[in-house]
Amino acid sequence: MRCSICCLSLLAAPAAHAQIAISPPAQPQNRDVVRAADDAFGRRIGVEEVGLYTESEVRGFDLQSAGNYRIEDHYFVRAAGMLQPLTEGTAIRVGANGLRTDFAAPSGVVQYDLPDGVPGMQATIEAGWWGGSGPIVLTRFAGGTQDSRLSIAGGLQLSVGQRYTDGTGGDFIAVGLVPRWTPAAGIRLAGVWGHNWYTRGADTTFASAGTPPARISLGIDRTQSWMDASNESDLSGAILDIDAGDGWSLGASAFRSELAYRRNVFNLIRLSDAGTGAEVSGLLFGEENRRSFSAEITAAKRFTTGALDHRLIAAIRRRDSVVLSDPGAAFTLGHYPDIDRPPALPRPPVSLNPLRLRDEVEQWTGGLGYRLSIGSFAELRADVQRVEYRKQARALDGSSEHQTSRPWLYGGALSVGFTRALTGFASYARGLEEAGVAPANAVNRGAVLPAAISRQAELGMKYAIAGGPTLIAGVFDLSKPLPGIDAGGAFDFVGRVRHRGAELSLAGPITPRLGAVLGATYLDARTEGELVDRGLVGARPIGRPEVMALANLTWRVPGVAGLTLDGGVSIRGERYADRENRVTLPGYAIVNLGLRQRFAIGDHSVTLRARVANLTNRFAWNVSNSGLLTQNIPRVLTLTLTGEI
């Protein structure tokens, strides 16, 4: 995270630049995401996703700073998002479905599943138009030996000549490979490699003059010809799982994730009260690099004593993360009388700084866990971890600051099966998050804060309706320290952010032909501490609605073989757009409709997929943690044809 913003000035741009990921839209596959979801908290398959939460935000908190990611249950610290040729599916494990995770963390975890090979050889090709981006050709393949000991899966994506909803264009190419090998019974090896090349127009965000901004036209490129961005990401790694017999299981993994920017531009448009003109400024960035290495070794022993089933697990984790960031060169383009018709202006005569800020994190974690199962009646989980966390930040002048923390993390959970259908659960967890570096406007500029400790407690129930959907209901209390500039002008912890809420999920088949994912959450998000007491910020965090809800249905049409209709609505309530809680963005609802038709051409299966997102073309503003605004996606059509080859 770069320096904090103040009054939405240009100083905000570095922070926003760090948060805005240059990543392409996800890709669709042939699977029905509604039927694949086992709760309403988050499931993604390609371009289609369903859930109250996303891969970056759960229960109102950012998962990137907490590092709560897993690849097939193995510890993973990402520098860039997962590429779709490498992703079979993504699930957010929180609440009742998060209890299955070893060393669970506050806000849950994001689970990535890799594609798997099959005996023989199969491949698919998908071509068409993705709403919100443009033409797409996506090939996937999987193959293996007849005994399944050796296999490989992967894919290639070509998305060239894209036109995005913000009016900019770009090209995206990605490739991924997942080889697997079973050299002997109980030993499974998997590799992963993926790479992408991505170019597009500049990131464009908006700032308000202190009032709710008016609606603006969508699909208009408000950048200049010299504003463009280019990056590449790379992921490589290996996974080893061993079933050693006699209840022993061993695991090891190592991943390297990298995101390299060649250039980037941050384009900030400050809207006027009248909604006609705007002041435009921004930042130019040169080469930057974000990379992380994460590794894990685990050993688990399962044994029984009478009716009790025990499981002990020990884990050692290592993390190394490095960020080389450009401080950016500020520019001003002046006043645009009409933001829908930006004048063509030359690149300002600003020079990029060849020096780079360097931010490093080294972390060792050792953990022990215990799980006790009493038949199908109850399960108890307890774990403890010792962390050595060291963060070092180097300024442009070569000076550096560092901070070392050695906290204890612990957690536990209890689930009780009152009946075959009804289960109650309770859990508690402490987690570690990065707290950041003092910005340039602090008297302790460049100072490194110790690791922040987050805490979460939750209580809920899960009820599985025989032959039907599963109901999950729960309440949670999640908090973490709040960094900021104190009364003396120093960057430090100045309070806490506390999110308390309730969740409701109903997911599964309603009838053999009708599937549903229904969910709602109520969030009481509050900021407490010195900044609130001094009146510098409001008691409510930016962009956190009290109410979110969704309803998604998929229906296999009787009498028409292979035809499935689907639709859904997602609701997002009012939320504050500024730190002082003076500007409120209205709530909105987004409606989606689609169909999927499967048929055969000879011996080959073919699927036609059509989907309209934002059917009513509802316009809405979304706000980031820094208070900067972006528009939602307008009404768009996705139309693709996928077939076996």
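Remember, it's a predicted structure, so these values are computed and weren't measured experimentally.
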S.K.: What do you reckon, is OH of Tyr463 surrounded by more than 12 foreign heavy atoms closer than 6.0 Å?
M.R.: no
S.K.: Does a side chain donor of either Asn289 or Glu258 reach within less than 3.5 Å of an acceptor in the other side chain?
M.R.: yes
S.K.: Determine, for Arg500 against Glu458, whether the closest basic-nitrogen to carboxylate-oxygen distance falls under 4.0 angstrom.
M.R.: no
S.K.: Does the distance from a Lys or Arg side-chain N to an Asp or Glu carboxylate O, for Glu503 and Arg59, drop under 4.0 Å?
M.R.: yes
S.K.: Is a salt bridge present between Arg311 and Asp309, judged by a nitrogen-to-oxygen distance below 4.0 Å?
M.R.: no
S.K.: Do the rings of Tyr53 and Phe41 sit parallel, tilted or perpendicular, given the 30° and 60° boundaries?
M.R.: parallel
S.K.: Around atom CZ of Arg445, are there more than 12 heavy atoms from other residues, nucleotides or ligands closer than 6.0 Å?
M.R.: no
S.K.: Between Arg78 and Tyr69, is there a side-chain donor-acceptor contact under 3.5 Å, judged purely by atom types and distance?
M.R.: yes
S.K.: Would you call Arg371-Glu379 a salt bridge at under 4.0 Å N-O?
M.R.: yes
S.K.: Are there over 12 heavy-atom neighbours, none belonging to Leu240, within less than 6.0 Å of that residue's CG?
M.R.: yes
S.K.: Output yes when Asp38 and Arg93 qualify as a salt bridge under the 4.0 Å nitrogen-oxygen rule, no when they do not.
M.R.: yes
S.K.: I'd like to know if Arg358 and Glu360 make a salt bridge, using a cut-off of under 4.0 Å between side-chain N and carboxylate O.
M.R.: yes
S.K.: Under 3.5 Å, is there a donor-acceptor pair linking the side chains of Ser321 and Arg319?
M.R.: yes
S.K.: Would you call the rings of His499 and Phe61 parallel, tilted or perpendicular, where under 30° means parallel and over 60° means perpendicular?
M.R.: parallel
S.K.: With a 6.0 Å cut-off (strictly less than), is the heavy-atom count around CD1 of Ile316, excluding the residue itself, greater than 12?
M.R.: no
S.K.: Checking side-chain contact (heavy atoms from CB on, under 4.5 Å) for the pair Ile472/Asn97: CA distance, chi angles, key distance, verdict?
M.R.: CA-CA 9 Å; Ile472 300 175; Asn97 289 335; 4.0 Å; yes
S.K.: Can you find a side-chain donor-acceptor pair between Arg394 and Gln392 that sits under 3.5 Å?
M.R.: no
S.K.: Counting only heavy atoms not in His310, do more than 12 fall under 6.0 Å of its NE2?
M.R.: yes
S.K.: Do Asn622 and Arg575 pass the side-chain contact (heavy atoms from CB on, under 4.5 Å) test, and can you show the C-alpha distance, the side-chain angles, and the key distance before you say yes or no?
M.R.: CA-CA 9 Å; Asn622 293 312; Arg575 58 253 183 250; 3.8 Å; yes
S.K.: Does a salt bridge link Lys480 with Glu433, judged by any charged N lying under 4.0 Å from a carboxylate O?
M.R.: yes
S.K.: Can we say Arg44 and Glu48 salt-bridge, meaning some charged N sits less than 4.0 Å from an Asp/Glu carboxylate O?
M.R.: no
S.K.: Give a yes or no on whether a salt bridge exists between Asp246 and Lys301, defined as a side-chain N under 4.0 angstrom from a carboxylate O.
M.R.: yes
S.K.: So, taking the atom named CG in Leu531 and the one named CG in Leu482, what distance separates them when rounded to the nearest 0.5 Å?
M.R.: 6.0 Å
S.K.: Cut-off 3.5 Å, side chains only: do Arg544 and Asn625 have a donor facing an acceptor?
M.R.: yes
S.K.: Any ion pair linking Arg188 and Glu72 (charged N to carboxylate O, less than 4.0 Å)?
M.R.: no
S.K.: Whether Arg70 and Asp102 form a salt bridge (side-chain N of Lys/Arg under 4.0 Å from carboxylate O of Asp/Glu) is what I want to check.
M.R.: no
S.K.: Sequence neighbours excluded, which residues qualify as side chain to side chain contact (heavy atoms under 4.5 Å, CB included) partners of Ser479?
M.R.: Arg455, Arg496, Arg498
